[in-house]
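Computed from a predicted structure; not experimentally measured. In the text below, chain A, chain B and the rest are named by the order of the sequence lines, each starting its count at 1.
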Number of protein chains: 2
Amino acid sequence: MPDSPPSLDPVQLGTYFDLIEVTSLLRHAVEQQLRESGGLSYVQFQLLARLGDAPTGSHRMTDLADGVVYSRSGLTYQVGLLEKEGLVVRAPSPDDERSITVTLTDAGRELLAKVLPGHVEVVGGLLFAPLSPDDVRTLAGLLRPVRDHMRATPPRSAVSRRRKGGA
Amino acid sequence: MPDSPPSLDPVQLGTYFDLIEVTSLLRHAVEQQLRESGGLSYVQFQLLARLGDAPTGSHRMTDLADGVVYSRSGLTYQVGLLEKEGLVVRAPSPDDERSITVTLTDAGRELLAKVLPGHVEVVGGLLFAPLSPDDVRTLAGLLRPVRDHMRATPPRSAVSRRRKGGA
DNA sequence: ATCAGTTACTTCGAATTCGAAGCAACTTGG
DNA sequence: CCAAGTTGCTTCGAATTCGAAGTAACTGAT
């Protein structure tokens, strides 16, 4: 691959910074709304949303962690909190004894429904307000390949727990 | 304002999710590179980068916190770490006795220079690899107005420390 | 069936993060 | 000048976050 320029041009750099800034601000605003309206952190909301999206309303721990880009141990902690609130249930997986299946409860679904409108409103007001429908389509068309590329690219140290000493 | 639809259409929703996912993955990869190559966290890198960009190589604490979207107390902590490493210096501001001016040291500038190429490489390889130069320009054109809009929109509770009780 | 290697999850300790509260320095109106 | 209000930063405590290490379950080869 001969075209990996060693340095970013100014447009790229500015775009990168704007991207980071935009999502930081968005996250911040959303986080506040979620805490006020439902006592949820952003990760917790993401988890509930993912479970709500799933046809079965459930996912394995690992898939959840990968989905929201979170550490395994952090996920254990967060799911523990959600379970204590009665929003999800943990159960061993039928086919794989090691796996834990996390499932959304009715209470979880309710809370999700209660929180979603406000969430959507914040996102709409901050992120989409300055964008036309065409803009949004364009943006979607740009982000999707990036997302796929990132998901496909193995993390720089794709080591299997042993052999950590890079070289 | 008659056009704030109460709900996001599927394209918007997908775009929003992709945006979050893309930046989460990017951040993760970048964080790892920074830690390995220079022992810096992402915030720390952002701070050094911002100081490096400034004509004077310095900024007030508050401006730094706002710039990187970080809490004041968190910034105090991080700048403390950077100072302990000799990467920045804190000095009271001449005109305003309350303000602290944070300035990049030579060591800080060196470390920044040492870390930047790898950083840029990761960002290029993950974020920009699937995008043509035209795509990047388009993306920049979309993000800029969003950024400006977000910066202009006051946080939902623009209260002045007192009168927190919302109603 | 047994052993080595891998995968799924949890526990643990250390580091980071935030908001609330506190303190000092500015500003404004009298 | 003085009091009330605001702004800039730090300290404090509680909650979250991660990676390393540990345990249990699966896989494949012999």
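- Residues passing the ring-ring contact (aromatic ring centres under 6.0 Å, His included) test with Tyr42(B), sequence neighbours excluded: none.
- Applying the ring-ring contact (aromatic ring centres under 6.0 Å, His included) criterion to His28(A), with sequence neighbours excluded, gives no partner residue.
- Taking atom CZ on Arg60(A) and atom C1' on dT7(C), their separation rounds to 9 Å, with Å as the unit.
- Within residues 84-104 of chain A, the residues that place at least one heavy atom under 4.0 Å from DNA chain C are, in residue-number order, Arg90(A), Arg98(A), Ser99(A), Ile100(A).
- The terminal axes of the helix from dA1(C)-dT30(D) to dG30(C)-dC1(D), fitted over 5 pairs per end, subtend an angle of 20° to the nearest 10°.
- Every residue two or more places apart in sequence or in another chain was checked for a side chain to side chain donor-acceptor pair (under 3.5 Å) with Arg109(A), and none qualifies.
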Report each atom pair, protein N/O against N/O of nucleotides 14-18 of chain D, whose distance is under 3.5 angstrom.
residue	atom	partner	partner atom	Å
dT16(D)	OP2	Tyr77(A)	OH	2.4
dT17(D)	OP1	Tyr70(A)	OH	2.8
dT17(D)	OP2	Tyr70(A)	OH	2.4
dT17(D)	OP2	Gln78(A)	NE2	2.4
dT17(D)	O5'	Tyr70(A)	OH	2.8
dC18(D)	OP2	Ser71(A)	OG	2.9

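- For Phe128(B), the ring-ring contact (aromatic ring centres under 6.0 Å, His included) test picks out no residue, with sequence neighbours left out.
- For the side chain to side chain donor-acceptor pair (under 3.5 Å) test, no residue two or more places apart in sequence or in another chain qualifies with Glu85(A).
- Checked against salt bridge (charged side-chain N to carboxylate O under 4.0 Å, His left out), Arg50(B) has no partners two or more places apart in sequence or in another chain.
- Ion pairing of Asp66(B) with Arg60(B) is absent here, as no side-chain N (NZ or NE/NH1/NH2) approaches a carboxylate O to less than 4.0 Å.
- Residues that satisfy the salt bridge (charged side-chain N to carboxylate O under 4.0 Å, His left out) test with Asp96(B), not counting sequence neighbours, are Arg98(B).
- Rounding to whole angstrom units, CG of residue Leu64(A) and C1' of dT10(C) are separated by 16 Å.
- With sequence neighbours left out, the side chain to side chain contact (heavy atoms under 4.5 Å, CB included) criterion links Arg144(B) to Asp18(A), Arg147(B), Asp148(B).
- Note on Thr62(B): only backbone sugar-phosphate atoms sit closer than 4.0 angstrom, heavy atoms only; bases stay farther off.
- Under the side chain to side chain donor-acceptor pair (under 3.5 Å) criterion, Arg137(A) pairs with Asp134(A), sequence neighbours left out.
- The CE atom of Met61(B) sits 17 Å away from the P atom of dA25(C) (whole-angstrom rounding).
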